Amino acid sequence: QVQVVESGGGLVQPGGSLRLSCKASGSIFNIRDMGWYRQAPGKQRDLVGTMNPFGATNYGDSVKGRFTISRDNAKNMVYLQMSSLKPEDTAVYYCSADIRARLIPNSWSIYWGQGTQVTVSS
């Protein structure tokens, strides 16, 4: 009964900014890493960035210095602030969360959102 849902995608011009949101809900006992991956048509799904519960981050090389992850543990939410966007950032962005289900010991699993489209074009 765990669900992960992203929102905030859309069309933006090069150099612009966009903020994505992701919320995990359901029968959750605890969440370890949360973060973002992206996949362009015909390409591999790549790491955008992740954050652990204590605020430590891990970013993909292509977004370092431009994208920022933040997290609200109390709300089971993670955000992606994207700045200085480039056409190469166009992709479907997926939220991921490493979750242990309530009342099920050692039940850690990676859950994925449905994806939200980000298009960077003039």
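Predicted model only: the values in this text are computed from it and were never measured. What you see below is based on every heavy atom in this structure, not just the backbone, and it leaves out hydrogens, waters and symmetry mates.
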Review point. Of all heavy-atom pairs between Thr90 and Gln117, which one has the smallest distance, and what is that distance?
Key: CG2-NE2, 4.0 Å
Exercise for review: For residues Met51 and Thr68, determine if any side-chain heavy atom of one lies less than 4.5 Å from a side-chain heavy atom of the other.
Suggested key: no
**Study point:** Inter-residue atom distance Thr119.OG1 - Gln13.CD, 0.5 Å rounding
**Key:** 13.0 Å
Review point. Would the number of heavy atoms belonging to other residues, nucleotides or ligands and lying under 6.0 Å from NZ of Lys43 be above 12?
Key: no
Exercise for review: Check whether any side-chain heavy atom of Phe67 sits under 4.5 Å from a side-chain heavy atom of Leu85, and report yes or no.
Suggested key: yes
Check your understanding: Any side-chain heavy-atom pair from Gln39 and Tyr93 closer than 4.5 angstrom?
Key -> no
**Study point:** Main-chain N/O of Asn76 paired with Lys23 side-chain donor or acceptor, under 3.5 Å
**Key:** no
Check your understanding: So how far is it from Ile110 CD1 to Met34 CE, rounded to the nearest 0.5 Å?
Key -> 10.5 Å
Check your understanding: Are Ile69 and Tyr59 side-chain neighbours, meaning at least one heavy-atom pair lies under 4.5 Å?
Key -> yes
Practice item. Please name the pair of heavy atoms, one in Ser27 and one in Val2, separated by the smallest distance, quoted to 0.1 Å. Key: O-CG2, 3.9 Å
Check your understanding: Quick one: does Ser83's side chain get under 4.5 Å of Gln81's, heavy atoms only?
Key -> yes
Review point. Are the side chains of Leu20 and Met82 in touch, meaning some heavy atoms are under 4.5 Å apart?
Key: yes
Study note, to complete from the structure: Value for CD1 (Ile99) from CG (Asp33), rounded to nearest 0.5 Å, stands at 11.5 Å
Revision key, fill the gap. Quick note, disulfide bond (SG atoms under 2.5 Å apart) partners involving residues 79-119, not counting sequence neighbours, are Cys22-Cys95
**Study point:** Atom pair CE (Met77) and CG (Asp72), whose distance is rounded to the nearest 0.5 Å
**Key:** 8.0 Å
Point to revise | Verdict with supporting geometry, Ser7 and Thr116, side-chain contact (heavy atoms from CB on, under 4.5 Å) | key: CA-CA 6 Å; Ser7 63; Thr116 185; 5.9 Å; no
Exercise for review: Supply the atom-to-atom distance Asn30 CG to Ile28 CD1, rounded to the nearest 0.5 angstrom.
Suggested key: 9.5 Å
Review point. What are the two closest non-hydrogen atoms of Ile31 and Ala97, and how far apart are they?
Key: CG2-CB, 4.3 Å
**Study point:** Heavy-atom side-chain proximity of Lys86 to Arg66 below 4.5 angstrom
**Key:** yes
Study note, to complete from the structure: Residues pairing under side-chain hydrogen bond (donor to acceptor under 3.5 Å, both in side chains) where one sits in residues 94-106, two or more places apart or in two chains, turn out to be Arg32-Asp98
Exercise for review: Taking the side chain as every heavy atom from C-beta outward, state whether Pro14 and Pro87 have any atom pair closer than 4.5 Å.
Suggested key: yes
**Study point:** Non-hydrogen atoms of Glu6 and Gly115 that approach each other most closely
**Key:** OE1-N, 2.9 Å
Review point. Closest heavy-atom contact between Gln114 and Val5?
Key: OE1-CA, 3.6 Å
Revision key, fill the gap. Tightest non-hydrogen contact, residues Val4 and Ala24, listed as CG2-CB, 4.2 Å
Exercise for review: Measure centre to centre between the rings of Tyr37 and Trp112, then say whether the value is under 6.0 Å.
Suggested key: yes
**Study point:** Geometric cation-pi criterion Arg71 and Tyr79, 6.0 Å radius, 45° cone
**Key:** no
**Study point:** Same cluster (ILVMFWY, side-chain, under 4.5 Å), Leu47 and Val92
**Key:** yes
